[in-house]
Amino acid sequence: QVQLAESGGGFVQPGGSLRLSCAASGRIVSLNTMGWSRRAPGKQREFVAQITQDGTTNYADFAKGRFTISREGGKNTIYLQMNSLKPEDTADYYCDGFFQTDLDGETWDGWGQGTQVIVSS
């Protein structure tokens with residue numbers, strides 16, 4: 001019913017920046033929350049940031065002051081601006097979404113395929 005497609009990952013040196021994008025498509029009646037999670041090699045998936053329909057944002061502690069989540073007006077597209085990147089930010093980054101997909105209140109909750117971020121000198 002819903003597909004999420006991430007892009008913008010790549011290789012960057014410590015202190016550099018990247019901007020990730022996520023586009024949602026499919027049957028979407030309304031959007032509740034979209035966000036980002038990540039999985040570093042050998043570690044569990046962890047929360048990065050989220051943004052609600054009204055623009056309220058939440059961040060993991062490691063992301064505060066360095067990462068910014070935003071939503072493009074008129075589209076189900078979100079971004080993650082990552083500044084001052086550190087080697088420990090190396091991970092696969094996933095777009096997450098929670099949407100209403102039907103007028104009777106049916107919802108969809110899932111994530112995309114991910115985009116790889118490597119921070120190394």
Side-chain angles (χ1 to χ4, degrees):
Q1 294 182 333
V2 179
Q3 297 83 42
L4 299 172
E6 304 96 332
S7 62
F11 185 94
V12 64
Q13 294 186 356
S17 299
L18 285 174
R19 190 190 189 199
L20 307 183
S21 300
C22 172
S25 61
R27 188 178 68 172
I28 301 173
V29 176
S30 65
L31 181 150
N32 290 329
T33 302
M34 293 184 70
W36 296 91
S37 61
R38 71 183 187 183
R39 185 192 64 80
K43 296 186 177 181
Q44 291 184 286
R45 190 187 193 97
E46 64 180 343
F47 167 80
V48 175
Q50 66 176 196
I51 184 167
T52 64
Q53 185 173 334
D54 65 0
T56 301
T57 58
N58 294 291
Y59 296 93
D61 286 341
F62 64 78
K64 294 178 180 177
R66 298 191 299 128
F67 295 1
T68 302
I69 187 170
S70 61
R71 174 179 290 145
E72 182 176 342
K75 298 177 65 176
N76 290 324
T77 302
I78 62 168
Y79 303 93
L80 184 68
Q81 178 67 46
M82 304 188 294
N83 299 324
S84 302
L85 285 164
K86 307 173 182 179
E88 51 263 45
D89 293 319
T90 295
D92 290 333
Y93 284 73
Y94 299 89
C95 179
D96 308 290
F98 177 49
F99 309 94
Q100 181 177 338
T101 56
D102 207 324
L103 293 177
D104 63 5
E106 181 181 354
T107 59
W108 183 93
D109 190 5
W111 56 89
Q113 296 298 310
T115 185
Q116 184 176 246
V117 172
I118 300 176
V119 184
S120 177
S121 60

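The two residues A24 and L4 come nearest to each other via the heavy atoms CB-CD2, 3.4 Å. Closest approach of P14 and S121 over heavy atoms only: CD-N, 3.7 Å. The two atoms that bring A60 and F47 nearest to each other are CB-O, 3.3 Å, heavy atoms only. The two residues Y93 and V48 come nearest to each other via the heavy atoms CE2-CG2, 4.3 Å. The heavy-atom pair separating T33 from T52 by the smallest distance is OG1-CG2, 4.0 Å.
Atom CH2 of W108 has more than 12 heavy atoms from other residues, nucleotides or ligands within 6.0 Å. Summarising the local packing, CD of Q113 is surrounded by 12 or fewer heavy atoms from other residues, nucleotides or ligands at distances under 6.0 Å.
Atom OH of Y94 sits about 5.0 Å away from atom CZ of R39, to the nearest 0.5 Å. To the nearest 0.5 Å, the span separating CD1 on I28 from CG on N76 amounts to 4.5 Å. N32 contributes atom CG, which lies 9.0 Å from atom CZ of F99 (distance to the nearest 0.5 angstrom). Note that the CZ atom of R71 and the OG1 atom of T77 stand 10.0 Å from one another [nearest 0.5 Å]. Interatomic distance, L80 CG to R19 CZ, rounded to the nearest 0.5 Å: 10.0 Å. In this structure, the separation between CD on Q53 and OG on S30 is 6.0 Å, given to the nearest 0.5 Å.
In this structure, T90 contributes its side chain and V119 its backbone to a donor-acceptor pair below 3.5 Å. Using a distance-only test at 3.5 Å, with no hydrogens or angles considered, no donor-acceptor pair links the side chain of D96 to the main chain of F98. Formation of a donor-acceptor pair under 3.5 Å by the E6 side chain with backbone atoms of C95 is found in this model.
Hydrophobic clustering, with ILVMFWY side chains joined whenever heavy atoms are under 4.5 angstrom apart, groups V2 together with I78. Hydrophobic clustering (side-chain heavy atoms under 4.5 Å, transitive across Ile, Leu, Val, Met, Phe, Trp, Tyr) keeps I118 apart from W36.
In this structure the side chain of V12 never reaches within 4.5 angstrom of the side chain of M82, judged on heavy atoms. N83 is listed as a side-chain neighbour of S17, based on a closest heavy-atom distance under 4.5 Å. Counting heavy atoms from C-beta outward, E46 and F62 have side chains that approach closer than 4.5 Å.
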(request) Under the side-chain hydrogen bond (donor to acceptor under 3.5 Å, both in side chains) rule, what do R45 and S37 come out as? Steps first, then yes or no, please. (result) CA-CA 7 Å; R45 190 187 193 97; S37 61; 2.9 Å; yes
(request) Give the C-alpha distance, both sets of side-chain angles, the deciding distance and a yes or no for side chain to side chain contact (heavy atoms under 4.5 Å, CB included) between D102 and R27. (result) CA-CA 8 Å; D102 207 324; R27 188 178 68 172; 3.9 Å; yes
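Contact check on K86 versus D89 returns no salt bridge, with no Lys/Arg side-chain nitrogen under 4.0 Å from an Asp/Glu carboxylate oxygen.
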